[in-house]
Every structure is written in structure tokens, then in C-alpha cells.
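The block underneath contains the structure these notes are about, expressed in C-alpha cells.
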Amino acid sequence: MKPFTYERAASPAEAAAAAARTKGARFIAGGTNLLDLMKLQIETPPHLIDVNNLGLDRIEQTTEGGLRIGALVRNTDLAADERVRRDYGVLSRALLAGASGQLRNQATTAGNLLQRTRCPYFYDTNQPCNKRQPGSGCSAIGGYNRHHAIVGASNACIATHPSDMAVAMRVLDAGVETIRPDGSTRIIPIADFHRLPRDTPHIETSLEPGELITAVTLPRPAGGTQVYRKVRDRASYAFALVSVAAIVQRDGTGRVALGGVAHKPWRVEAAESDMPRGAKAVTGRLLADARTTHHNEFKVLLVERTLASILNKA
Amino acid sequence: MTEFDPSRRKLLKATALATSGTVITARLAPEAQAVQAAQPGPPQTATPATMSVLLRVNGTEHQLMIDPRTTLLDALRERLHLTGSKKGCDQGQCGACTVIVDGRRITSCLTLAVMQEGHDITTIEGLGTPANLHPMQAAFIKHDGYQCGFCTPGQICSAVAMLEEVKAGIPSHVTADLTQRPAATNEEFRERMSGNICRCGAYSNIQEAIAEVAGVKA
């Protein structure tokens, strides 16, 4: 790791202000992704702001009948929360499908949203990568890209977002509450939180410099049958080839979001009107603009069949 | 040859230190300094400031001055000489460094020691001793739940905390009904232990050891 200085923040406002004071400063909570990247010198923050003592570790009922999940709620605790298990099953399922027991005990709700890609070329500092080093090129395009994006990618980057939780948050229409260095707060709809790579794949979210996530909000429960189906190379502790988060109502209507196919959780609301017509129709519209390689073209059919399996059982 | 002879060792040492980027010149022998000066290595940076941290490990408090880059794993092994926790991958993928913090199992390689001030840390050394084994340690011995033994401390710490997670009603990927408490079954244990890799492949014996402690049929 490169040398850094370290401080513990006492309040969210103080943490955001501290982040604005040092260029390149990063917040650290669970640390499971950031420290990994710092060891490889992919991340080289000169200053770390430990946000673990900010008291953002509670799950509260909102006046609208939803939930407000503190940014520091650990993945284990969020997955195990009775209200989440009962009313937002797709979220519990997505969390439990991710990482290992040890990592879920450390990883936080906000940190999970901010995970960086697991693209092997991003991790290999000997290879060009526009996300790691803007302008250096993309080794995955024309490389081994079985795990890479099939939709929403650009000529600069075909990396995928690795989170399971974020896919469930997308299908649940979550909101991301933040505080900025000037003390102002806002709620970013999850649909606008993660960005497509375009020609700036190193900019992954709509967060401004120093902006701190304080909570993730969920609207009133959507009801229906909630499913998260993850298809991966191992039965446990592996990233998704594709994953499907779905909420299916009794009348056959519903919502779908995909993981493992794009730079962000992938959802096309317009495609959901085809839910009663079945998986093929929905997938056709969800992945209408898919650009595949011979390594990852299997993902299109895998999405369709995974969704079909969900709809058959729902 | 004699002129140059034993300096190979010093040269290796000097190169390693120069590469680490810390200022060490004053501590080297003159000939090693010359070697170091000839190395084109990366620019040297000042030694980062150390920080004071109070770690509570296995019930004992330790006040340490450490570089903030020190992971909990490195602090345990290199500073407190508790070498039971192992460094396998150093990336949170293998589970050999698993310790229990405030009752929860975590990978100690993916947290900084300075982040763990005020927390209760339990390592394999704190679970039991050769004269007074923890039941999970005794079960691993009885069922031969290892071959080389490198992953074993992490497996045991993980297994002990994992059974507590089942008792606490925390669901897993294989829990059929999220609205029910998870059952203590081998299927549950297997899924929940996926963060601990055993390259010798002693899984079936590890499974038997865990099942015995949990009081279920392997």
C-alpha cells in the first residue's frame, strides 16, 4: 500500500467536509474492496476517513411505510432483518447470494453500492485499462471477456458492476441519501446512481467529490413473489455470470433487473409491460441493444432461461 | 570472488529495503549503501507517521505504535506474534486469516488494525489451548479435519462463529424459507463455510467435525 494518513470522523457532515479537504481522500467502512485495491495500488488514497463511528447502522421505518437503511448496516444484518426478509425478499436473497459469511459481516450497504468492477484487466496493473488509467485503452475488448458486459458498454470499457445487492435495490426503486461537503443533502434515485461507462469509465457513480452516502431508502413494499436468481461458475462464493432480480405479481405483471450484464444494474422499465407475455418477450426488449462477443454471447440466452425459470415458478 | 562474496545477502537486503520505499540508509553497512545508491529503484518517500492503537486480543489489551497501513492480520502476526491466524491470499478470498471480532467472523487481512480499536478480537489462540481445547478444535483433531493444517485456524474460527450465526437465526443462500429460522443442517454449514478454502481438500472431515459440535448427523 502507498502511505496514507488516517482519521476517524465523528459525524457525517464532518466526514464529508474532511473528504473535501484532501484531494483523493476516501471513506473507509468495511474496507473489503478498498483495502484489496489499495494493496494492489489500484487505489492510492493519500488520506482515509474512517466512517464506522457515524451511527449510521440502523434500519428504520419511514413515514411513507418503507425502510431507511443506514449506510453502515452490514450486509449480514440487512439480509437478516425481519422486515427485509418479510417485505423485501429479493434484497435478502441478493445479499445472501453474494461474497462469503466473513465478507458479509464486514461489508456495508453503502460500500456494496460502491464496489468496483472485478474485471481481471482492471486488477492487472500491467495491462492497459481505461477505468484504472484513463486513456490507456481497454484490454478486455478483444481479450478474454466471458464475464463482461453485453449491454450498455462503450468502446472504452466493457466492465460489469459486481454487486448483487445493487441489482435488488434497482428492482426495488431504492433511493441513495447523501450529504455533501457543504452540508447539503439529497436523495439520488438508484436508477441515476450508477453510470454507464461511455468515454469516462473511471467515473462510476453520480456522487460528487467528498459526497458521503448516509442511507439507502426503500419505498413501501412492492408485494408479489420476490426472487433473486444468480447463475455462477461455483455454487457459492463467486460473482454472477448473470443474475435476475424479479418481482412478479399474481396477475403476471412485475419488474425485472439484471446483474452481470452491464456497467450498472440493468433495468428497462418499458420492457416490463411484456412480463405477462413471458421471458422471451421481456428479454428481447431488455437486451435489444446487446453487443456480445463469442466469449459472452451465452449470456443473452442465459438471461432468458433464468427469467423463464423464475416466471414458471412464480 | 572473495572481494564480492558475502555481500550477496546484503545486496538482497538492500534491494528489498530500497524497493519498499522507506528511508533506511543510515542502518546499512557502507558497502550496502553503495549498492543501494546504484539501484535505480523508485523514489524514496518519508516513512509514514505511526499511530497509536489499543487492541484487545483474547482478553488482553496491547498498546501499539503502528503504521496505519498495517492490517489486523499483520498486527496480530508480526507485532503480537499470534501466528495462528494465517496469511493465505491476503485478499479475503481464502479465509485462512479468519478471526472473530465482537462475536462476528471476519477476514483479518481486509481490515486495518487502526480500525479495530475498541473491539474484542478473538484468534485461534484465544479459543483454546493444547491443554484445554475448544470443542471445535477437539472435533477437528478427532475427525482429522485437515492435512497440512494451514487453513485450519481460519476454518475453526469460522466454524465456531458460523454456528452462532445459525443459532442467531441469520439466514443463508440455501435457507428455503426466509420467514423461518434456518435449520442446523449440513447443507447450511457447507454453504456458510464457502469463505474458507482447504487446498488439501479435507472438506468432508471438516464437515464431520462441525456436524459433531453442532450435534447433527454428518
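Note: hydrogens, waters and symmetry copies are ignored here, and every other heavy atom, side chains too, is used. The chains referred to below are lettered A, B, ... by the order of the sequence lines, with proteins before strands, and numbering in each begins at 1.
- A donor-acceptor contact shorter than 3.5 Å is absent between the side chain of B/R105 and the backbone of A/L103.
- Within a 6.0 Å sphere centred on CD of A/E82, heavy atoms belonging to other residues, nucleotides or ligands number 12 at most.
- Here CG of B/L112 is found 6.5 Å from CG of A/L48. Values are rounded to the nearest 0.5 Å.
- Nearest heavy-atom pair, A/A80 versus B/I170, reported as atom, atom and distance to 0.1 Å: CB-CG1, 4.1 Å.
- Contact tally against chain B (heavy-atom pairs below 4.5 Å) for A/I28, A/N53, A/T5: the top residue is A/I28.
- Taken from CD1 in B/I106 to CZ in A/R74, the straight-line distance is 9.0 Å, to the nearest 0.5 Å.
- In this structure, B/R104 pairs ionically with A/D77, as a charged nitrogen and a carboxylate oxygen lie closer than 4.0 Å.
- Contacts of A/A97 with chain B are made by both backbone and side-chain atoms, with heavy-atom separations under 4.5 Å.
- Taking a 6.0 Å sphere around CZ of A/R83, one finds it holds more than 12 heavy atoms contributed by other residues, nucleotides or ligands.
- Contact of the A/S100 side chain with the B/Q93 side chain is not registered, since no non-hydrogen atoms from C-beta on lie closer than 4.5 Å.
- Across A/L35, A/N105, A/D36, A/D81, the residue that shares the most heavy-atom pairs under 4.5 angstrom with chain B is A/N105.
- Atom CZ of A/R305 has 12 or fewer heavy atoms from other residues, nucleotides or ligands within 6.0 Å.
- Using a 4.5 Å heavy-atom cutoff, the side chains of B/T107 and A/Q106 are in contact.
- A distance of 6.5 Å separates CZ of A/R93 from OG1 of B/T175, quoted to the nearest 0.5 Å.
- Distance check: A/Y237 OH to B/M193 CE gives 12.5 Å after rounding to the nearest 0.5 Å.
- Neither the backbone nor the side chain of B/D102 comes within less than 4.5 Å of any heavy atom in chain A.
- Using a 4.5 Å cut-off on side-chain heavy atoms (C-beta onward), B/T71 and A/K39 make contact.
- In this structure, the portions of B/M115 lying under 4.5 Å from any heavy atom of chain A include both its backbone and its side chain.
- If you measure heavy-atom distances from A/A29 to chain B, the contacts under 4.5 Å come from the backbone alone.
- A/F4 is not listed as a side-chain neighbour of B/D67, based on a closest heavy-atom distance of 4.5 Å or more.
- Taking both residues in full, the closest heavy atoms of A/S236 and B/E191 are given as OG-OE1, 2.9 Å, listed atom of the first, atom of the second, then distance.
- Comparing B/T111, B/T179, B/D90, B/T98 by how many heavy-atom pairs each has under 4.5 Å with chain A, the most go to B/D90.
- Scanning both residues, A/R85 and B/L178, for their nearest heavy atoms gives NE-O, 2.8 Å.
- Taking A/K230, A/M1, A/R234 one by one and counting their heavy-atom pairs under 4.5 Å with chain B, the maximum is reached by A/M1.
- Of all the listed residues (A/N33, A/V84, A/L95, A/T32), the one sharing the greatest number of non-hydrogen pairs under 4.5 Å with chain B is A/T32.
- Taking CD from A/Q102 and OG from B/S108, the interatomic distance works out to 10.0 Å, rounded to the nearest 0.5 Å.
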